[in-house]
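Here's the structure we're looking at; comments come further down.
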Amino acid sequence: MNAFAAWLAYSGLVALAFGMSRHHRAVFQSELPARRRAALRLTGWTLLTGSFVAACLSHGAEIGPVAWFATVAAAGLALTLCLAYRPRFWPLPLAGLALLALL
Amino acid sequence: MNPTFRQSMTWLHTWAGLLLGWVSFAIFLTGTATYFRWEITRWMQPELHRSGTTLDAARAAAARLETVAARSPQWFVDLPDARTPATNTFWRQPEAPRRFEHETLDITGATVAARDTRGGEFFYRFHFQLQLPHPWGRYLAGVAALAMFVALISGVVAHRQFFADFFTFRPGRPGLRSWLDFHNVTAVLALPFYVMITYSALVIFIALYMPWGRQVLAEPRAPAGERATAPAAGPAGWVAPAPLAPMLDVVERAWGADGRTVKRFDAADRGTAKSVVTFTRDRGPHVSLGARETLRFNGATGAPLDPLPPAGGVGTAAHNLLYGLHLAHFAGPALRGLFFLLGLMGTALVGTGLVMWTIKRRPQQTGPRLTFGHGLVERLNITTIAGLPLACAVLFWANRLLPVTLAERGDWEVYCFLYAWGAALLHPLARPIAAAWREQLWAGAALFLTLPALDALTAGEHLRAALLQRNWAHLGFDAAMLGCGLILATAARRAGGPAAPRPATVPAASAPTAKEVAA
């Protein structure tokens, strides 16, 4: 299991979440401009693709996609709980996973 | 008739979910536990220890079998690996062709006296057989899997704001809102996993549910493979089997180098000229079950044979791939932990669905007593969602408390599990709904939270050994029991009633609703 792939997955989902007005308002207390929405969505999908590549590189072409789906699901759960209970703490898993990836 | 397709799908989702929901919850809970079945077995048989290499264990097992099962026509040996500490040998007696004798051996080939228990295999078998006689359990599990699949698809159709609600969970709201948010979020985030696990579950037993395809689409049978040709049998018909030690040397030279050594070996047709000994290697980074390396030897002469070509066509390959995905044997510890988390999410998905059915309809229950249907659903919810974890805790308590010398001890542990679950079925009949929830959840929490203490009291020397040898299976299990206890305790605290008023978040307008529902 690749911490770097998890970090990429989580950051991709964060970008996609902030590209949605509801969550952007909850975290930044401001409306989401259209150009920023497009930029965030592009960033999000790119990071998720990167996460897929990282998972395949670390686990091989057979297990990689399976590991990626599981990682994205877990990252999504973490982000959802974060947005529900402590929206300002969204960088915390980013820092934690970065630490794991570097160790 | 419902006016729109979406409303029809909502109706279908409700009923497919409700009618088989209790079975699906039990399957998901025990199936999630199955991801750690060998770790559970290690905790439930703490007497076993791991040491030495797999090939040492293989040599010792072969020597042992040559003394106790010299005339047996068939041997199977499962060797220790990272997750199983001991060798398990199985052999057939010539006069009892359908039964297998079984021994558990340690690294020296001596039989180990470990307490008789089903271990984690109980959860494995329960999640597709449901402790019912063959084949009814598998059929019921199949119907539940099909209902789950229908519920997944109809749920996606019924969910109007699929993408807009992707990360939305609003806790603490009155009524159905928080429950529905959680149900939707756990569904959407892990949807690929649920589709995979449910579909593969149906495919695994496809020969049981839809046998006709195989009869029509005859797949190419594997060619017989190079069969052993050996000198003519002796006058008594028993051809002395070749010793296994030289074969193991060949295996060690071929496979021993990079660590993925032999996982099991079996000797078929022993005592005949056609005898074949097959060594199977650990699976390696492949998902499909079919991807297994073997080394085969002539059982009578010891000469190596060519490996068998892969059997079957596209159907078998697809079956192997889906079976492999479901079992997830390819998963390392971290990935297996992820699968476990997703399994828990699936369990929560089914559980929240069942609870929501009752919460939505409670305002319609105006009389002093619940209507039969509603009462039935409420009580079965308690039995399944609170009672099944409670029964699992009782199973673990029984494992530590039942005397080691008790006959049929493994069966008695299961009886304790079933009696506890039966009590959880009867208890809500005698108590008000909210009180029954609280009592069963607190009882389960208490049993789980005190389980590590019981472990220290009754199996203290094994726990100390686990700490010293860093036996993560044993220690992780105790930690997981604390985690389960905390989850149940949190649920018990919140189980004050359907929409227990939370002063900070409940707006005044909905307060009367909360009060009249909680009555």
Side-chain angles (χ1 to χ4, degrees), chain A residues 1-6 9-10 12-27 32 37 40-41 44-45 48 52 55-87 90 93 97 100-101, chain B residues 35 161 163-173 177-178 181-182 184-197 200 283-291 320-322 324-346 348-349 505:
Chain A
M1 236 304 296
N2 198 332
F4 184 48
Y10 181 81
L13 290 177
V14 161
L16 286 176
F18 291 164
M20 298 164 74
S21 327
R22 175 189 287 161
H23 302 296
H24 191 274
R25 257 197 308 269
V27 176
L32 175 67
R37 170 200 304 238
L40 280 170
R41 290 203 178 167
W45 283 111
L48 280 179
F52 182 84
C56 290
L57 285 176
S58 124
H59 288 280
E62 276 194 54
I63 303 179
V66 181
W68 181 73
F69 276 112
T71 309
V72 171
L77 181 68
L79 178 60
T80 303
L81 293 175
C82 189
L83 288 174
Y85 290 106
R86 295 275 186 276
W90 62 268
L97 286 171
L100 268 178
Chain B
Y35 276 125
Q161 292 176 282
F163 292 106
D165 280 352
F166 206 83
F167 300 105
T168 305
F169 172 45
R170 292 160 286 202
R173 296 291 182 88
R177 186 70 261 167
S178 299
D181 276 353
F182 192 71
N184 290 341
V185 150
T186 50
V188 164
L189 287 175
L191 191 62
F193 169 74
Y194 304 140
V195 170
M196 179 276 288
I197 211 84
S200 57
R283 206 179 319 265
H286 295 290
V287 172
S288 168
L289 279 193
N320 281 340
L321 179 67
L322 283 165
L325 274 175
H326 192 98
L327 291 177
H329 283 165
F330 55 83
L335 187 52
R336 190 171 310 115
L338 269 188
F339 277 121
F340 184 80
L341 175 68
L342 296 181
L344 284 181
M345 283 170 70
L349 174 67
T505 56

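Lettering follows sequence order; numbering is per chain, from 1. Predicted, not measured: the structure shown is a model, and the values here were computed from it.
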Please round to the nearest 0.5 Å and tell me the distance separating atom CG of Leu48(A) and atom OH of Tyr10(A). 13.0 Å
Non-hydrogen atoms of chain B under 4.5 Å away: do they reach the side chain of Leu13(A), the backbone, both or neither? both
Inter-residue atom distance Leu342(B).CG - Leu349(B).CG, 0.5 Å rounding: 12.0 Å
When rounded to the nearest 0.5 Å, the distance separating CE of Met20(A) from CZ of Phe166(B) is 8.5 Å
Residue selection (most heavy-atom pairs with chain B, distance under 4.5 Å) from Ala74(A), Gly76(A), Cys82(A): Gly76(A)
Counting only heavy atoms not in Phe339(B), do more than 12 sit closer than 6.0 Å to its CZ atom? yes
Where does Phe169(B) contact chain A at under 4.5 Å (heavy atoms): side chain, backbone, both or neither? both
How far does CZ of Arg41(A) sit from CG of Leu16(A), to the nearest 0.5 angstrom? 7.5 Å
Hey, which of Asp181(B), Thr168(B), Leu341(B) has the most heavy atom pairs under 4.5 Å with chain A? Thr168(B)
Pick one of side chain, backbone, both or neither for Leu77(A), based on which atoms fall under 4.5 Å of a heavy atom in chain B. both
Under a 4.5 Å heavy-atom cut-off, does chain A meet the side chain of Leu191(B), its backbone, both or neither? neither
Mind checking the CZ-CG spacing from Arg22(A) to Leu83(A)? Nearest 0.5 Å is all I need. 11.0 Å
Interchain contact, Met196(B) with chain A, by part (heavy-atom threshold 4.5 Å): neither
